[in-house]
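Given the structure is predicted, the values throughout are model-derived calculations rather than measurements. By convention in this document, chain letters (A, B, ...) are assigned in the order of the sequence lines, proteins followed by strands, and residues within each chain are numbered from 1.
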Amino acid sequence: MKSAVITFPGSNREGDVIRALHQASGAEPLKIWHQDHELPQGTDLVVLPGGFSYGDYLRCGAIASRSPVMDAVRSHAAKGGLVLGICNGFQILVESGLLPGVLMRNAGLKFICKMQHLKVCRANTPFTSAYKKNQIIKVAIAHGEGNYIADDETIAMLEDGNRIAFRYCDAEGDTEKGNPNGSINSVAGIYSKKLNVLGMMPHPENLIETLVGGTDGRGLFASITAHKGAA
Amino acid sequence: MKARVTVTLKNGVLDPQGKAIEGALKSFGLEGIESVRQGKIFDIELNSSDPAEAETLLKAAAEKLLANMVVENYRIEILG
Amino acid sequence: MKARVTVTLKNGVLDPQGKAIEGALKSFGLEGIESVRQGKIFDIELNSSDPAEAETLLKAAAEKLLANMVVENYRIEILG
Amino acid sequence: MQNNIAITPELVAQHGLKPDEYKRILDLIGREPTLTELGIFSAMWNEHCSYKSSRLHLKELPTKAPWVIQGPGENAGVIDIGDGLACVFKMESHNHPSYIEPYQGAATGVGGILRDVFTMGARPIATLNALRFGSPDHPKTRHLVSGVVAGIGGYGNSFGVPTVGGQMGFHTRYDGNILVNAMAVGIAKADEIFYAKATGVGNPIVYLGSKTGRDGIHGATMASAAFDDAAEEKRPTVQVGDPFAEKLLLEACRELMQTGAVIAIQDMGAAGLTSSAVEMGAKGDLGIELDLDKVPCRETGMTAYEMMLSESQERMLMVLQPGKEKEAEAIFIKWGLDFAIIGKTTDTLRFVIKQHGEVMADLPIKELGDQAPLYDRPFVETPKRPAIDPKSVTPLMGNANAIVKLMGSPDFASKRWVWEQYDHLILGNTVQSPGGDAAVVRLGDGPRGLALTSDVTPRYCEADPFEGGKQAVAEAYRNIIAVGGTPRAITDNLNFGNPERPDYMGQLVYCIRGLGDACKALDFPVVSGNVSLYNETNGRGILPTPTVGGVGVVDDVSKTATLAFKAAGEFILLIGETKGWLGSSAWLATIAGREEGAPPPVDLEAEKKHGAFISSLIQDGHATSCHDLSDGGLAIALAEMALAGNMGAKIDKLPEGLPNHAALFGEDQARYLVTVKDQAMAAIILRRASSAGVPALMLGKTGGQELTLPGESPISLERLKKAHEDWLPSYVAGEI
Ligand SMILES: Nc1ncnc2c1ncn2[C@@H]1O[C@H](COP(=O)(O)OP(=O)(O)O)[C@@H](O)[C@H]1O
Ligand SMILES: [Mg+2]
């Protein structure tokens with residue numbers, strides 16, 4: 001599998017996701033600088049990593065979403081290529097119009113870093129085939145602006161289209177009790193219409209080893225690898 | 001030339017930060033405050049002296065970057 | 001009654017946000033932009049109708065919470 | 001503002017220079033200094049840069065060991081940690097700025113210490129911090145707590161380094177003077193360390209990073225303002241941090257270091273351009289000439305005086321290999337940072353500053369540092385306090401209630417509210433998160449790692465500075481041992497009151513002696529540090545607070561221990577001797593409201609012996625959990641282990657011959673709690689202890705959802721947890 005991890009000024013979790021992809025696929029992802037205008041030939045997966053691109057100044061992801069490389073990411077997505085945006089990457093996807101909605105300040109107005117349970121809303125996608133539907137997994141969150149908000153119409157479109165990827169929940173799967181940041185319907189991640197673009201706030205890339213918190217994040221990278229293997 | 005671009009949330013868009021500030025002000029005993037909504041301003045120095053040209057430039061800046069047109073409105077003032 | 005409190009950074013205080021936005025606008029080819037400084041506005045609904053009373057209330061709100069007087073200035077406008 | 005105005009005694013005083021110090025300047029340069037020169041002297045000769053009150057005593061600290069690569073004297077200390085790697089670390093205070101503007105003060109404190117570490121060629125992999133606030137009832141405390149914590153998180157999270165540990169305490173003696181000590185830890189290849197020493201004549205000096213503004217020109221601003229005809233609004237003296245710029249600076253510096261272009265590098269911290277340039281020149285026996293017209297400025301009309309004293313953040317100075325300028329510039333432009341050649345090295349040993357073609361300062365460079373005043377200030381020893389006989393103290397409440405009360409008191413309450421605002425997981429190597437004894441951070445893909453901790457018990461230091469100093473080191477040592485690490489070296493941050501008062505000077509001197517003795521005995525040298533004096537509130541000094549940042553090596557991160565009880569039916573052993581020492585204890589302070597008595601003495605030989613014993617248990621895989629005993633004693637340690645594992649315990653036996661409150665809350669040192677799988681293993685460990693001459697006692701077993709102590713009513717974990725977890729969030733929310 002050929003993956004390209006985009007680095008923006010202020011990205012800081014690119015190493016973490018590179019490690020996870022490498023572990024799952026055995027191949028070393030390429031690091032792409034935000035000023036590049038093209039993706040490497042044959043790129044299967046584009047990752048927009050976590051971090052504070054441009055310091056999170058103005059609005060999270062806003063400045064990065066206008067980077068030269070984003071046009072290439074857009075056309076990659078339009079052709080059905082896989083795009084994964086994690087945390088700041090999700091914010092960039094939303095700002096660039098590849099996914100609907102906005103991510104606002106957490107309801108508690110504080111940055112939150114902790115272990116968080118998620119419900120996998122559907123398993124039959126390129127990103128989640130290694131999980132079971134409604135499986136509860138434990139991953140990390142680390143963000144100050146992950147409060148997903150969209151107008152009623154958009155929410156209805158996402159819900160009806162079965163495009164919610166993950167919801168926050170507690171250990172028992174209660175999505176209301178487990179919501180850490182005020183997101184509408186406890187949304188933690190969403191898909192594009194064709195399910196090839198996934199944006200999510202939590203960090204599966206930090207949960208890939210027993211020694212460092214657990215391995216519930218591995219499934220996501222295993223799914224992507226399996227999807228590419230099958231394709 | 002100096003100008004100010006003001007960016008505010010569209011009506012109906014939830015403003016968690018404004019709400020929290022509202023709550024904090026109320027908890028300080030500042031009675032009489034009903035609601036707070038937060039916005040941003042950008043004070044911009046331009047090297048042009050033509051107001052029309054400035055306006056075009058600022059419009060581009062606002063729509064390309066300063067405002068998220070999905071949830072925000074903007075206003076341009078040329079301060080001279 | 002409606003009012004607006006505008007909070008801006010004092011002169012000379014570093015504005016990392018403004019600096020980053022300025023850099024971004026320049027890199028988009030928006031020539032003519034020399035500098036950007038960012039500030040905040042708070043649009044506040046008050047249940048009083050007495051401007052003097054409102055002014056006192058807003059002054060307290062600004063100094064207690066809305067502005068960080070160490071690095072910021074504020075201005076109150078009663079919009080009626 | 002004029003550079004060659006007459007220097008009046010008032011002006012000298014406004015620059016914090018004493019009349020005899022000014023006389024020293026006149027003797028050194030043989031003429032009246034210019035205003036810029038006066039500013040340069042004031043920056044170089046203040047307490048912060050010259051260590052004039054502490055230098056004499058700091059010499060007593062042991063700084064050597066076979067694994068020490070660089071001791072004090074550079075931006076950060078460096079130790080060899082095996083596999084060709086070096087660990088680079090230091091701690092620094094930002095106390096006064098954080099009181100004035102908590103968010104920015106704390107944020108720039110983190111930024112400064114990160115720069116110290118990456119200046120040496122290391123990539124930061126973790127930060128820690130030690131915070132002391134005033135009484136929770138003090139009207140400013142809540143605001144300060146929120147601001148400082150947000151500032152530390154705001155900077156570290158954005159920069160992209162995990163904040164893995166720290167401490168936070170409250171005491172009325174910090175009411176008007178909080179402490180914010182930040183520690184950064186980085187990793188470099190042992191043979192690729194960068195230093196501040198310039199070499200070669202005529203080499204370019206380059207300025208990198210953010211632009212210079214009038215930030216933080218402290219007290220001196222007033223002096224300069226008086227000579228500024230343009231009446232301007234009074235400028236704030238706080239610096240604003242830009243973690244985004246710092247992240248870019250890190251990446252750009254690392255890229256540049258790879259090219260082999262860097263001869264010397266120095267970050268611009270306190271006294272910015274002045275101290276960084278002087279340090280590079282003086283260390284290399286070279287002169288430095290700067291042309292201020294080339295310095296990238298954020299504001300217009302900055303004078304030489306202002307530029308030399310500015311403390312704008314996220315800036316670096318380098319001496320480059322000639323001919324490499326273009327290559328270096330390209331790297332900095334790629335990262336969107338300023339790059340300017342602002343001067344060169346010379347063979348004159350003069351520090352020459354030019355602006356608009358005029359010489360604004362021309363000073364002997366070595367003397368600026370070497371001839372700084374050095375004081376042997378008078379000091380008196382803190383009078384010894386009597387030891388308190390445990391039997392003479394009658395408890396004011398039942399022991400079970402006292403445990404709950406202590407666990408919910410400001411110093412012991414869970415600091416989750418704090419560390420959940422810090423990204424402690426980024427980089428994917430945090431094996432032990434905040435909340436344990438020491439944090440454990442894996443290096444790369446392992447198996448090696450580091451154990452990191454910061455410790456001090458100011459109450460002990462106030463009662464007996466010498467024992468308190470020893471204890472701070474001993475506790476850092478124990479914390480590293482308890483997670484399975486080998487203690488290697490420390491950094492220290494000495495926070496004290498006014499050194500011109502013999503009693504406070506005595507606290508400094510005896511704390512340093514205590515630190516030194518403990519470091520020597522434990523083979524735990526000091527490789528870097530920082531001194532912060534004149535910390536006082538309403539004319540009264542803070543509690544003496546020599547914060548210790550400890551670093552240990554973990555050979556295999558899969559062989560570490562945590563404090564959480566793991567399973568029901570395991571056996572709990574107490575290692576070390578319990579005499580029921582209640583003097584200066586947390587129990588006496590919190591439950592009885594008395595801060596009295598001599599603090600627990602620290603037996604360094606016992607620390608070493610017990611530490612070695614615990615290490616072997618963890619290495620052999622026998623300890624299923626481990627926790628050291630510190631303030632709050634046995635009771636608090638048990639409660640913490642139970643809460644961490646969500647698993648109760650039934651204690652059948654306590655150390656003999658003591659009233660329960662002394663056995664439970666006594667703060668005797670050199671103690672640990674461990675659990676082992678079963679009775680057979682417990683018997684083996686007890687035998688091993690007895691042949692090693694280590695006191696050990698079997699206390700009871702894990703299990704259930706209660707903590708049951710002999711003769712006391714059981715305490716439900718739920719009640720304990722509520723008391724422990726609720727205090728801090730409720731406090732900051734203003735609910736209590
Ligand atoms: N308490 C101390 N113990 C040991 N070394 C110290 C102590 N205080 C300062 N140092 C050392 O003195 C040198 C100068 O310290 P400092 O001025 O704080 O550095 P910087 O210029 O990076 O801020 C450093 O190498 C530091 O490690
Ligand atoms: Mg330094």
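The distance from the CG atom of D:D423 to the NE2 atom of A:H203 is 6.5 Å, given to the nearest 0.5 Å. Residue A:L211 holds its CG atom at 7.0 Å from OG1 of D:T560, rounded to the nearest 0.5 Å. Interatomic distance, CD of A:E209 versus CG of D:N429, reported as 7.5 Å (0.5 Å rounding). In this structure, NZ in A:K114 is found 14.0 Å from OG in D:S433, a value given to the nearest 0.5 Å. Note that CG of D:L425 and CD of A:E205 are 10.5 Å apart. Values are rounded to the nearest 0.5 Å.
For the residue pair D:S158 and A:G55, the shortest heavy atom distance occurs at OG-CA, 4.5 Å. Across every non-hydrogen atom of A:Y57 and D:D242, the tightest pair is OH-OD1, 2.7 Å. Of all non-hydrogen atoms in D:N157 and A:F52, the two that sit nearest each other are O-CE1, 3.2 Å. Among all heavy-atom pairs drawn from A:V212 and D:G428, the shortest one is CG1-O, 3.6 Å. D:L248 approaches A:P9 most closely through the heavy-atom pair CD2-CB, 3.7 Å.
Neither the backbone nor the side chain of A:D56 comes within less than 4.5 Å of any heavy atom in chain D. Using a 4.5 Å cut-off between heavy atoms, D:R416 does not touch chain A at all. Neither the backbone nor the side chain of A:T210 comes within contact range of chain D, judged by heavy atoms closer than 4.5 Å.
Counting heavy-atom pairs closer than 4.5 Å to chain A, the top residue among D:V431, D:I426, D:L427, D:V440 is D:I426. Comparing A:N88, A:D16, A:I208 by heavy-atom pairs within less than 4.5 Å of chain D, the highest count is held by A:D16.
By the 6.0 Å contact criterion, CD on D:E327 is enclosed, its count of non-hydrogen atoms from other residues, nucleotides or ligands being greater than 12. For D:E718, the CD atom counts as loosely surrounded, since its 6.0 Å shell holds 12 or fewer non-hydrogen atoms of other residues, nucleotides or ligands. A 6.0 Å sphere centred on CD of D:Q705 holds more than 12 heavy atoms belonging to other residues, nucleotides or ligands. The environment of D:K721 atom NZ is sparse: at most 12 non-hydrogen atoms of other residues, nucleotides or ligands sit within 6.0 angstrom.
Residue-level contacts of residues 729-736 of chain D with chain A do not occur; threshold 4.5 Å between heavy atoms.
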Check the pair A:W33, D:K334 against side chain to side chain contact (heavy atoms under 4.5 Å, CB included), reporting the backbone distance first and the verdict last. CA-CA 10 Å; A:W33 186 233; D:K334 169 186 160 194; 3.9 Å; yes

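Counting heavy atoms from C-beta on, the side chains of A:C113 and D:Y422 never come closer than 4.5 Å.
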